[in-house]
Amino acid sequence: MVEALVCTIGDEILIGQVIDINSSRLALALEEAGIHVKRMVSIGDTREEIASVISDALSRHAVVITTGGLGPTKDDITKAVLGQISGSKGYVVHPGQLEMVHRILESRGLDILASNLAQAQVPDTAEVIVNKLGTAPIMVFRNVRGGGTLYALPGVPHEAAGAIPEVVEDIRKHQPLGSILHRNIMVYGIAESALSEQIAPWEDALPADMHLAYLPNPLTGIRLRLSVYGGEAEHQQKRMETQIDRLKELLGPLVYSEKDSNLETAIGEMLKKAGKTLSAAESCTGGEIAHLITSVPGSSAYFLGSVTSYAISVKETVLGVPAKTIESFGVVSAEVAAAMAEGCRRITGSDYAVSTTGLAGPAGDERNPVGTVWIGVAGPTGTRTVSYCYKNDRKRNIERFSASALNFLRLILQNELKY
């Protein structure tokens, strides 16, 4: 199994001015190709740090990939340090990158400065993959000091992203790659600790070469990722399927997808296959449910619309919630959630409607503590409601309310549409 280290270089990353997206893009592409990313590090723009970290990494990993520090300004020192590490005796101009420097700057109507031309100069120990999106070349240093192969990519995110396919292809040509398989199970409706206890016997019995990761997210639930590294891909795939089938039996309706997915996508797939439609009536979630549903491509096939009935007057006049119901039970109640869903279904003509009414914070009311939400789902077989209480800040409560509403809807659809 080829192991890699990804290193981002730049003070701007360490002080939080720039968010590192290059590492995640690289890791995804490398894992997909069968290259295991063993470590990720971020370092500053100092010669000593770059030299020390990269030299150590090359002695431990078959592949080291850096991003950043290849620009035309004085603080971009990565190329010089890598030349030193690789034993370079001087610089040479790469004609392909020089042509690209002229082409890019001329297309932008910019003067071609000496600092720009210098970017086409590379250490004589480097091979070059021409950067077609920028002026800094992609450099490859092989067998550096008897160690691994070093790839130096520009730090500009779209340039780094453009370089990844060619870097991966170069690794394929020079390294015997194994297989890396990942399977995902999406779970909602159980705490991470409770989930761990529930599947403990299964997890404890996993073969030694299989690894399980818990990846929680308030909007999507918990992603369980089962991984196996190395071996013959078809054989390993069958072994993974056996374990996934056992896991699904243990979790039952808690599972909503076998992909790295989300609740709104799972709901959309069910509605689309069944030819059913949906609408939403939201109060405390302020349109978040409609936003999530419509973020899925093709949602126009099943989502008819929504009413953000934040004010009591809108609940009464638009959705038709009886004033007596609100007076008797309070605006945050099962009865109002049910009436909102039924009213939304009636005025939109949808097969199903989901509703929310609650107290996201910072204050509660005389009937309910802060963090309370009532959710309603109206459909062809009737209306059901459920309540939850979360103890988060306002923003997180709204996220949890929305996800819980989608999950409640998802469970009803799974039962009624037989998925």
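Only this structure's heavy atoms are used, side chains among them; waters, hydrogens and symmetry mates stay out.
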**Asked** What do you reckon, is CD1 of I19 surrounded by more than 12 foreign heavy atoms closer than 6.0 Å?
**Response** no
**Asked** Are the side chains of V307 and I347 in touch, meaning some heavy atoms are under 4.5 Å apart?
**Response** yes
**Prompt:** Are side-chain heavy atoms of N143 and T149 found at a separation under 4.5 Å?
**Reply:** no
**Item:** Side-chain donor or acceptor of R345 paired with backbone N/O of A353 under 3.5 Å
**Value:** no
**Prompt:** So, do M40 and V37 sit near enough that their side-chain heavy atoms are less than 4.5 Å apart?
**Reply:** yes
**Item:** D260 side chain near R223 side chain, heavy-atom distance below 4.5 Å
**Value:** yes
**Request:** Go through E127 and M139 one step at a time and tell me if the side chain to side chain contact (heavy atoms under 4.5 Å, CB included) criterion holds.
**Result:** CA-CA 6 Å; E127 298 176 20; M139 295 179 291; over 6 Å; no
**Asked** Just by modelled atom types, is the V63 backbone N or O under 3.5 Å from a matching donor or acceptor in the H61 side chain?
**Response** no
**Criterion side-chain contact (heavy atoms from CB on, under 4.5 Å) against I180, the qualifying member of E32, Q236, E31** = E31
**Request:** Compare every heavy atom of M186 with every heavy atom of T220, then report the nearest pair and how far apart it is.
**Result:** O-CE, 3.8 Å
**Request:** With side chain to side chain donor-acceptor pair (under 3.5 Å) as the test, would you mind laying out the steps for S350 and S279 before giving the verdict?
**Result:** CA-CA 6 Å; S350 62; S279 61; 2.8 Å; yes
**Request:** Report the residues that fulfil salt bridge (Lys or Arg N to Asp or Glu O under 4.0 Å) with R183, sequence neighbours left out, ordered by chain and then residue number.
**Result:** E241, E258
**Message:** More than 12 heavy atoms of other residues, nucleotides or ligands under 6.0 Å from CZ of R384: yes or no?
**Reply:** yes
**Request:** Without swapping roles, check the side chain of N262 against the backbone of L219 for a donor-acceptor pair under 3.5 Å.
**Result:** no
**Request:** Could you tell me the separation between the OG1 atom of T357 and the CD1 atom of I312, rounded to the nearest 0.5 Å?
**Result:** 8.5 Å
**Message:** With a 4.5 Å cut-off on side-chain heavy atoms, are V314 and L319 touching?
**Reply:** no
**Asked** Can you find a side-chain donor-acceptor pair between E282 and T308 that sits under 3.5 Å?
**Response** no
**Item:** Polar contact flag, side-chain donor to acceptor under 3.5 angstrom, T381-E416
**Value:** yes
**S261 (side chain) donor-acceptor with S257 (main chain) under 3.5 angstrom** = no
**Request:** Say whether, by atom type as modelled, one donor and one acceptor occur between the side chain of T372 and the main chain of P369 under 3.5 angstrom.
**Result:** yes
**Asked** With distance as the sole criterion, is a donor-acceptor pair present between the side chains of R410 and Q414 under 3.5 Å?
**Response** yes
**Prompt:** Between R246 and E249, is there a salt bridge with N-O shorter than 4.0 Å?
**Reply:** no
**Fill in**
In this structure, CG of L413 is separated from CE of M270 (nearest 0.5 Å) by 5.0 Å
**Message:** Working to the nearest 0.5 angstrom, can you tell me the gap between E335 CD and M340 CE?
**Reply:** 13.5 Å
**Complete:** Closest non-hydrogen atoms of A62 and V2, given as atom of the first, atom of the second and distance, are CB-CG1, 4.0 Å
**Item:** Residues, nucleotides or ligands: over 12 heavy atoms within 6.0 Å of E232 CD
**Value:** yes
**Request:** Could you walk me through whether D170 and V140 pass side chain to side chain contact (heavy atoms under 4.5 Å, CB included), step by step?
**Result:** CA-CA 9 Å; D170 189 83; V140 186; 4.3 Å; yes
**Message:** For R367, I'd like to know if atom CZ has over 12 heavy atoms of other residues, nucleotides or ligands within 6.0 Å.
**Reply:** yes
**Item:** Donor-acceptor contact present, side-chain S299 to main-chain S295, <3.5 Å
**Value:** no
**Request:** State the CD1-CD distance between I398 and E288, to the nearest 0.5 angstrom.
**Result:** 8.0 Å
**Prompt:** Do any N or O atoms from the side chain of Q198 and from the backbone of L250 form a donor-acceptor pair under 3.5 angstrom?
**Reply:** yes
**Message:** Tell me whether R239 is salt-bridged to D209, with the criterion being a basic N under 4.0 Å from an acidic carboxylate O.
**Reply:** yes
**Request:** Go through I54 and C7 one step at a time and tell me if the side chain to side chain contact (heavy atoms under 4.5 Å, CB included) criterion holds.
**Result:** CA-CA 8 Å; I54 299 305; C7 176; 4.0 Å; yes
**Asked** Strictly by modelled atom types, are T356 and T285 linked by a side-chain donor-acceptor pair under 3.5 Å?
**Response** yes
**Sidechain N-carboxylate O distance under 4.0 Å for K395, E399** = yes
**Item:** Contact summary for A152 and L82, nearest pair of heavy atoms
**Value:** CB-CD1, 3.6 Å
**Message:** Which label fits Y229 and H182: parallel for a plane angle under 30°, tilted from 30 to 60°, or perpendicular past 60°?
**Reply:** perpendicular
**Asked** Any side-chain heavy atom of N368 within less than 4.5 Å of one from D365?
**Response** yes
**pair F141-V122: side-chain heavy atoms closer than 4.5 Å** = no
Would you tabulate the side-chain donor-acceptor contacts of residues 153-166 under 3.5 Å, counting partners in other chains and residues two or more places apart, or write 'none'?
residue	atom	partner	partner atom	Å
E159	OE1	N131	ND2	2.8

**Message:** Within the 3.5 Å criterion, strictly below it, is a donor on T73 or D76 matched to an acceptor on the partner's side chain?
**Reply:** yes
**Message:** Could you check whether atom CG of D111 has more than 12 heavy atoms from other residues, nucleotides or ligands sitting under 6.0 Å from it?
**Reply:** no
**Request:** For the pair S328 (side chain) and T325 (backbone), establish whether a donor and an acceptor sit closer than 3.5 Å, ignoring hydrogens and angles.
**Result:** no
**Request:** Could you tell me whether the side chains of S23 and D20 share a donor-acceptor contact shorter than 3.5 Å?
**Result:** yes
**Message:** Between T8 and T67, is there a side-chain donor-acceptor contact under 3.5 Å, judged purely by atom types and distance?
**Reply:** no
**Message:** Between S355 (side chain only) and A337 (backbone N and O only), is there a donor and an acceptor less than 3.5 Å apart?
**Reply:** yes
**Request:** Just do the side chain to side chain contact (heavy atoms under 4.5 Å, CB included) check on V130 and I138 with the steps written out, would you?
**Result:** CA-CA 6 Å; V130 175; I138 302 147; over 6 Å; no
**Message:** To the closest 0.5 Å, what do you measure between CG (L278) and CZ (F303)?
**Reply:** 5.5 Å
**Prompt:** So, T277 and D351: side-chain donor and acceptor under 3.5 Å apart, yes or no?
**Reply:** yes
**Message:** Closer than 3.5 angstrom, by distance alone: can the side chain of S107 be matched with the main-chain N or O of I104 as a donor-acceptor pair?
**Reply:** yes
**Request:** Write out all pairs satisfying ring-ring contact (aromatic ring centres under 6.0 Å, His included) with one or both partners inside residues 239-272, taking only residues at least two apart or from two chains.
**Result:** none
**Residue pair R225 / N184, side-chain donor-acceptor N/O under 3.5 Å** = no
**Asked** Between F401 and L359, which heavy-atom pair has the shortest distance, and what is it?
**Response** CZ-O, 3.8 Å
**Asked** Can you name the closest pair of heavy atoms from P218 and Y188 and give their distance?
**Response** O-OH, 3.8 Å
**Asked** CD/E269 to OH/Y302 distance, rounded to the nearest 0.5 angstrom?
**Response** 8.5 Å
**Request:** Taking all heavy atoms of S283 and all of Y310, pick out the closest pair and write down the distance.
**Result:** O-CD1, 3.0 Å
**Request:** Check whether any side-chain heavy atom of L5 sits under 4.5 Å from a side-chain heavy atom of K38, and report yes or no.
**Result:** no
